[in-house]
Amino acid sequence: MDDCIFCRIVRGELPSDKVLETDEVLAFKDIRPQAPVHVLLIPKKHIPSAHHVTEEDAALVGQLHLAAQRVAEQLGIAGTGYRLVTNIGTHGQQTVHHLHYHLIGGRQLQWPPG
Ligand code: 5GP
Ligand code: ZN
């Protein structure tokens, strides 16, 4: 999508601090980190949210999960654990409408969220 900021990051029109890239998936540091590790994992394909994933995206979602594992290993937080979360819509407080998982860790996290 032309005006989607994550699509613009995928196309290289906006800078990002990349931590992993494959043909289908991109992971980069969140611009406003909420923990020592805060990475966003996105499909390069524009999908508005997890609620918009279709049967044909099933393998792609699997790739996102595998990428999250790799990033957690790469950044040294696999052993201590982390959170993988995706916000959906208004009540989910989704602000960027391109599917993304937040990978958050590097400190003790609290539960439940607000
Ligand atoms: P949401 O609120 O949709 O779940 O998460 C969107 C996330 O994208 C937020 O954590 C926000 O800090 C991050 N973000 C928004 N714009 C940019 C950007 O231009 N670059 C990067 N790296 N992160 C961004
Ligand atoms: Zn997009």
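The residues of the chain are indexed from 1 along the displayed sequence. Remember, it's 1-based here, ligands and their atoms both numbered in the order they're listed. What you see below is based on every heavy atom in this structure, not just the backbone, and it leaves out hydrogens, waters and symmetry mates.
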Short list, please: which atoms of ligand 1 are under 4.0 Å from a heavy atom of [X]?
{"X": "Gln94", "answer": "3 (O)"}
{"X": "Phe28", "answer": "21 (C), 22 (N)"}
{"X": "Arg32", "answer": "12 (O)"}

Is it the side chain, the backbone, both or neither of [X] that has a heavy atom closer than 4.0 Å to ligand 1?
{"X": "Asn87", "answer": "side chain"}
{"X": "Phe6", "answer": "side chain"}
{"X": "Ile5", "answer": "side chain"}

Of all the N, O or S atoms in His98, which one sits nearest to the Zn ion (ligand 2)?
ND1
Could you check which N/O/S atom of His46 is closest to the Zn ion (ligand 2)?
ND1
Chi angles and distances behind the side chain to side chain contact (heavy atoms under 4.5 Å, CB included) call for Arg70, Thr22
CA-CA 12 Å; Arg70 286 174 56 196; Thr22 71; 3.9 Å; yes
Counting N and O atoms only, with roles assigned by atom type, does the side chain of His38 sit under 3.5 Å from a partner on the main chain of Gln34, one being a donor and the other an acceptor?
yes
Pro43 backbone acceptor or donor facing Gln63 side chain under 3.5 Å:
no
Does [X] come within less than 4.0 Å of ligand 1, judged by its heavy atoms?
{"X": "His102", "answer": "yes"}
{"X": "Leu40", "answer": "yes"}
{"X": "Gln34", "answer": "no"}

May I ask you to check whether His98 and His100 place their ring centers less than 6.0 Å from one another?
no
Can you check side chain to side chain contact (heavy atoms under 4.5 Å, CB included) on Val37 and Tyr82, steps first, answer last?
CA-CA 9 Å; Val37 173; Tyr82 54 94; over 6 Å; no
Please state which option from Ile9, Ile31, Asp17 has its nearest heavy atom closest to atom 17 (C) of ligand 1.
Ile31
Could you pull out, from Ile42, Thr95, Val96, the option with a heavy atom nearest to atom 2 (O) of ligand 1?
Thr95
Counting only heavy atoms not in His51 (residues, nucleotides, ligands), do more than 12 fall under 6.0 Å from its NE2?
no
What's the spacing between [X] [atom1] and [Y] [atom2] if we round to 0.5 Å?
{"X": "Phe28", "Y": "Leu41", "atom1": "CZ", "atom2": "CG", "value": "8.5 Å"}
{"X": "Ile31", "Y": "Leu40", "atom1": "CD1", "atom2": "CG", "value": "10.0 Å"}
{"X": "Leu99", "Y": "His46", "atom1": "CG", "atom2": "NE2", "value": "9.5 Å"}
{"X": "Ile47", "Y": "Met1", "atom1": "CD1", "atom2": "CE", "value": "12.5 Å"}

When you check the gap from the basic side-chain N to the acidic O, do Lys44 and Asp23 get nearer than 4.0 Å?
no
Nearest to [atom], what protein heavy atom do you find, and at what distance?
{"atom": "atom 12 (O) of ligand 1", "value": "Asp30 OD1, 2.5 Å"}
{"atom": "atom 5 (O) of ligand 1", "value": "His100 NE2, 3.0 Å"}
{"atom": "atom 22 (N) of ligand 1", "value": "Lys29 O, 2.9 Å"}

Is the distance from the Zn ion (ligand 2) to the nearest N/O/S atom of His97 under 2.8 Å?
no
